[in-house]
Amino acid sequence: MTAHTAPAAPTAPGTDDVLHYSAFTTDPSGGNPAGVVLDAAALDDAQMVALAARVGYSETAFITSRDEAARRYGLRYFSPRAEVAFCGHATIATAVALAERTGPGELVFDTPVGEIRVATTLADGADGADGADGAGSAPQATLTSAPAHSRPADEALTEQVLKALRWTRDDLDPALPPHIAFAGNDHFVLAAATRERLADLDYDFDALEELMHHHEWTTVHLVWRESADRFDFHARDPFPPGGVVEDPATGAAAAAFGGYLRALGLVTGPTQVRIRQGEDMGRPSELLVDLTPDDDRSRVTGRAVRIPGA
């Protein structure tokens, strides 16, 4: 009798198959690191979350399907603990990784929150994966978010968040009230009255994680506005549900923040918002958010660079 050997199961990607990028920066030591797996078609959910845990970044993005001719890709995101419905910095990182390999132009991602379009450009003279490592010349991507909206947070809920943060009402900017903002997932928005209050982040990790899990917030988006006549903000984003104390650049929160500013009536014409994030944790990042009063989507722009040796 002839023995028959079962075909070998497909080998699941390991950490060597993960590309490492830092998004919203031109410096690999800044920005927000993201893992990118360009071919995850053979992976199931458990394998993706396990791989994201081994990588250890706040999120790793997985391309699960592809139509190269249409430049359309299925994209999912996993933190070290669970799937995340939408992640801005990992979207920017994935778009740059693809643009470096297939050329600049528009990409379409089918994500758990719907279709996300991303326009990409390469650095001058960069025509391949090794062509974008100079400061100031990193490839750029602009994602168009899901429709963004925002609603006021009730008083009791705000008090719970303040208690977990170890803040008081006196720490808040009365011109920017607490809201829950959405652009694919929810973010609790809280504005600090001073830069010093924003810089002093020492919160109750377990209490904030419990609140965020219960209300299904992706981050708490803490902001400080430099001046009332400019759209320049500094931000910090606690992210305990993802297993990290703080996210150094949060594109999803920036998109939702665009909906927040529009809901407050502050967007009266074409407006570009500049958000500086990650400075207080040694990973400076810059996010640009373009808004118009007649479009409820946010356009979030950032650069991304490959992390050497990772």
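Atom CD of Glu68 is surrounded by more than 12 heavy atoms from other residues, nucleotides or ligands within 6.0 Å. No more than 12 heavy atoms of other residues, nucleotides or ligands shown are found within 6.0 angstrom of CD on Glu210.
With sequence neighbours excluded, the residues forming a salt bridge (Lys or Arg N to Asp or Glu O under 4.0 Å) with Arg195 are Glu279, Asp280, listed by chain and number. Taking the salt bridge (Lys or Arg N to Asp or Glu O under 4.0 Å) definition, one finds that Asp295 meets it with Arg297, Arg299, sequence neighbours left out. Residues passing the side-chain contact (heavy atoms from CB on, under 4.5 Å) test with Thr168, sequence neighbours excluded: Asp170, Asp171. Arg166 meets the salt bridge (Lys or Arg N to Asp or Glu O under 4.0 Å) test with Asp202; sequence neighbours excluded. Looking at residues two or more places apart in sequence or on another chain, you find a side-chain contact (heavy atoms from CB on, under 4.5 Å) between Asp44 and Ala46, Gln47. For Pro177, the side-chain contact (heavy atoms from CB on, under 4.5 Å) partners are His179, Tyr260, Leu264, not counting sequence neighbours. The salt bridge (Lys or Arg N to Asp or Glu O under 4.0 Å) test applied to Asp173 returns no partner, not counting sequence neighbours. Evaluation of the ring pair (Phe, Tyr, Trp, His ring centres under 6.0 Å) rule for His149 yields Phe182 as partners, not counting sequence neighbours. Contacts of Arg283 classified as side-chain contact (heavy atoms from CB on, under 4.5 Å), with partners at least two apart in sequence or in another chain: Ser22, Pro33, Pro248.
Under the 4.5 Å side-chain heavy-atom criterion for grouping Ile, Leu, Val, Met, Phe, Trp and Tyr, Leu211 is not connected to Val84 through any hydrophobic cluster. Hydrophobic cluster membership is shared by Leu266 and Val223, with clusters built from Ile, Leu, Val, Met, Phe, Trp and Tyr side chains linked at under 4.5 angstrom.
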Can you give the donor-acceptor pairs under 3.5 Å from side chains of residues 102-109 to other protein atoms, not counting sequence neighbours?
residue	atom	partner	partner atom	Å
Thr102	OG1	Arg71	NH1	3.3
Thr102	OG1	Leu98	O	2.9
Glu106	OE1	Arg117	NH1	2.7

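A pairwise comparison of heavy atoms in Thr268 and Gly265 identifies CG2-O, 3.8 Å as the closest pair. Pairing each heavy atom of Phe24 with each of Ala249, the nearest pair is CD1-CB, 3.7 Å. Scanning both residues, Ala23 and Ala304, for their nearest heavy atoms gives CA-CB, 4.0 Å. Here the shortest heavy-atom pairing between Phe239 and Tyr203 reads N-OH, 4.2 Å.
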Arg81/Glu209 under salt bridge (charged side-chain N to carboxylate O under 4.0 Å, His left out): CA gap, chis, key distance, verdict: CA-CA 13 Å; Arg81 293 185 177 181; Glu209 180 180 26; 2.4 Å; yes

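In this pair, His215 and Trp217 present their aromatic rings parallel. The plane angle is below 30°, not in the 30 to 60° band.
Applying the side-chain hydrogen bond (donor to acceptor under 3.5 Å, both in side chains) test to every pair with at least one member in residues 237-255, sequence neighbours left out, gives these pairs: Asn32-Asp247, Ser58-Asp247, Thr219-Asp237, His221-Asp237, Arg236-Glu246, Asp237-Gln277, Asp247-Thr250, Thr250-Gln277. Pairs engaging residues 175-185 under the salt bridge (Lys or Arg N to Asp or Glu O under 4.0 Å) rule: none recorded [sequence neighbours left out].
For the side chain to side chain contact (heavy atoms under 4.5 Å, CB included) with Leu143, the lone residue among Ile116, Thr120, Thr301 that qualifies is Ile116. For the side chain to side chain contact (heavy atoms under 4.5 Å, CB included) test with Leu38, the passing option among Leu19, Asp17, Val18 is Leu19; the others fail.
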